[in-house]
2 protein chains.
Amino acid sequence: MAQHRTSARESILDAFVDLLIESNGAGVTLDEVAKRAGVTKGGLLYHFGSRKVLDTGLLDRFEQLANEDYARMEAAPEGAATYYAKLADYIGTDLERVCIATGMLAKRDARAADLVRQMRTIHFNLMNADLGDPMLARATMLIVDGMYYDLATIGEPFTPELDVAAFLSRMLATKSGR
Amino acid sequence: MAQHRTSARESILDAFVDLLIESNGAGVTLDEVAKRAGVTKGGLLYHFGSRKVLDTGLLDRFEQLANEDYARMEAAPEGAATYYAKLADYIGTDLERVCIATGMLAKRDARAADLVRQMRTIHFNLMNADLGDPMLARATMLIVDGMYYDLATIGEPFTPELDVAAFLSRMLATKSGR
DNA sequence: GTCTATACTTCGATAGAC
DNA sequence: GTCTATCGAAGTATAGAC
């Protein structure tokens, strides 16, 4: 039974992600999502039976994209830490968008919060395996996260911007001295 | 005209802060605030004429407590950076509570967002003046913020916990080598 | 100064037409 | 499969009694 890869469903999820990002954590209503997706609330509720089902649809998409990224990070020739620090390669991707949207959901959805926690743990483990120094892995992760946070929330790099590569050099230089 | 230091107003603000923290970014209603404060919604709306006025009341309190803390941080004998890194002295204070509550408001209130941004800038400037190294000040701030974030949101220190004092030693050791 | 009662709005969800 | 119409719950705000 050949069936259209139903794009209405995907359009609705796209609209949901967009609105979650734009509304910056405030509530996103089914009416808004339906309007943005070009359907009515009734139409939306045909595809996603309830608000909760819509949330779950987003989290499923997040999980898929995140898993793909873990694999890329682990296999990165430049190493997991350097891969993680390349914010320019992350910003603007579908993964980033779904990630932000999932973060917005995390306040009222336990599964979303779990997925975000799980992601942080996996990122740390990969960077630790790469650098072989838990303290350095931890510091690097915190710094990259913080820089991204400033970039993402304030909309511009905090002044002065930190050169992560230079920071890593400075930190790595201290390893031999222990 | 001696007038009671009207504590109903303060009780309402206390309840508002508590509920904002507990509800972790979800909506806090006037009914909930009123109930927690031991007044009715009508009573609440006598003291704070609208939802927006209640928000403003919280932000005024934040601004006052934050300004007091800036002064302490600048005058700290151990230096601004070390003062900033002492999370144990911050966690559990009224300042922390109001700070979290203000952060919750920042999503839907522009003034709250501005106050948070302003606080970050002041913290950075004080640490930079203390350390005399913008890159180190920036890294330290990001790391302390990140550790606090994990502590506050996940409820426990991320494993492994980073020793900020040791980190500062390692980083400061690299300064002479530039 | 604080409470009760209620009006108005918004949101999620259901029923049923098409 | 998508839309219209509408319900019920929850939220903010107002009017007026006490």
Side-chain angles (χ1 to χ4, degrees), chain A residues 1-60 101-102 104-112, chain B residues 1-59 101 104-112:
Chain A
M1 274 184 249
Q3 173 182 325
H4 288 194
R5 220 31 189 133
T6 167
S7 77
R9 221 176 162 281
E10 295 304 309
S11 301
I12 290 170
L13 276 183
D14 289 340
F16 187 34
V17 169
D18 287 353
L19 288 168
L20 279 171
I21 294 172
E22 290 171 19
S23 72
N24 195 27
V28 172
T29 67
L30 297 187
D31 283 295
E32 290 170 328
V33 176
K35 186 179 177 185
R36 175 71 64 100
V39 297
T40 61
K41 184 154 59 171
L44 189 159
L45 285 166
Y46 166 75
H47 291 287
F48 299 91
S50 74
R51 174 76 205 213
K52 196 127 205 78
V53 174
L54 179 62
D55 290 349
T56 301
L58 169 63
L59 297 186
D60 289 343
T102 300
M104 301 298 178
L105 244 55
K107 279 99 189 282
R108 58 180 174 75
D109 186 302
R111 187 184 156 209
Chain B
M1 273 184 249
Q3 173 181 325
H4 288 195
R5 221 27 188 139
T6 166
S7 75
R9 222 177 161 280
E10 295 303 310
S11 301
I12 290 169
L13 276 184
D14 288 341
F16 187 35
V17 168
D18 286 352
L19 288 168
L20 278 172
I21 293 172
E22 289 171 19
S23 71
N24 194 29
V28 173
T29 68
L30 298 187
D31 283 295
E32 291 170 327
V33 176
K35 185 178 176 186
R36 176 71 64 101
V39 298
T40 61
K41 184 153 57 172
L44 190 160
L45 285 166
Y46 166 76
H47 291 286
F48 298 93
S50 74
R51 174 76 204 214
K52 197 126 203 78
V53 174
L54 179 62
D55 290 348
T56 301
L58 169 63
L59 297 185
M104 301 298 178
L105 245 55
K107 280 96 191 280
R108 57 179 174 76
D109 186 302
R111 186 184 157 209

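All chains are named by letter (A, B, ...) in the order of the sequence lines, taking the proteins before the strands, and each is independently numbered beginning at 1.
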Partner residues of A:Arg36 under the side-chain hydrogen bond (donor to acceptor under 3.5 Å, both in side chains) criterion, sequence neighbours left out: A:Glu22
Find out whether A:Val33 and A:Lys41 are in side-chain contact, i.e. whether some heavy atom of one side chain is under 4.5 Å from a heavy atom of the other. no
Return the set of residues passing salt bridge (charged side-chain N to carboxylate O under 4.0 Å, His left out) with A:Asp55 (not counting sequence neighbours), or none when no residue passes. A:Arg51, A:Arg108
Spacing of B:Tyr46 atom OH relative to C:dA5 atom P, expressed in whole Å: 22 Å
Over all heavy atoms of both residues, which pair between A:Thr102 and A:Ala112 is shortest? Give the atoms and the distance, please. O-CB, 3.9 Å
Which nucleotide of DNA chain D is the first, and which the last, in the 5' to 3' direction, to come under 4.0 Å of a heavy atom belonging to chain A? D:dG1 to D:dT4
If I compare all heavy atoms of B:Ser11 with all of B:Ala37, which pair ends up nearest, and what's the gap? O-CB, 3.9 Å
Nearest heavy-atom neighbours spanning B:Lys52 and B:Asp109: NZ-OD2, 3.4 Å
Taking DNA chain C as the partner, which of residues 35-44 of chain B come within under 4.0 angstrom of it by heavy atom? B:Val39, B:Thr40, B:Gly42, B:Gly43
Quick one: B:Leu30 CG to C:dT6 P, roughly how many Å, whole number? 20 Å
With A:Leu30, which of A:Leu54, A:Ile12, A:Thr40 fulfils side chain to side chain contact (heavy atoms under 4.5 Å, CB included)? A:Leu54
Could you give the angle between the helix axes at the two ends of the helix from C:dG1-D:dC18 to C:dC18-D:dG1, with five pairs per end, rounded to 10 degrees? 0°
A:Leu44 side chain near A:Phe16 side chain, heavy-atom distance below 4.5 Å: no
A:Asn24 and B:Lys107 have their tightest heavy-atom pair at O-CG, 2.9 Å
Length of the CG-P vector between B:Leu45 and C:dA5, whole Å: 17 Å
Please answer whether the main-chain N or O of A:Glu10 pairs with a side-chain N or O of A:Ser7 as donor and acceptor at a distance below 3.5 Å. no
So if I take residues 49-59 of chain A and measure heavy-atom distances to DNA chain D, which residues fall below 4.0 Å? none
A:Phe48 has an atom CZ; how far is it from atom P of C:dT14, in whole Å? 16 Å
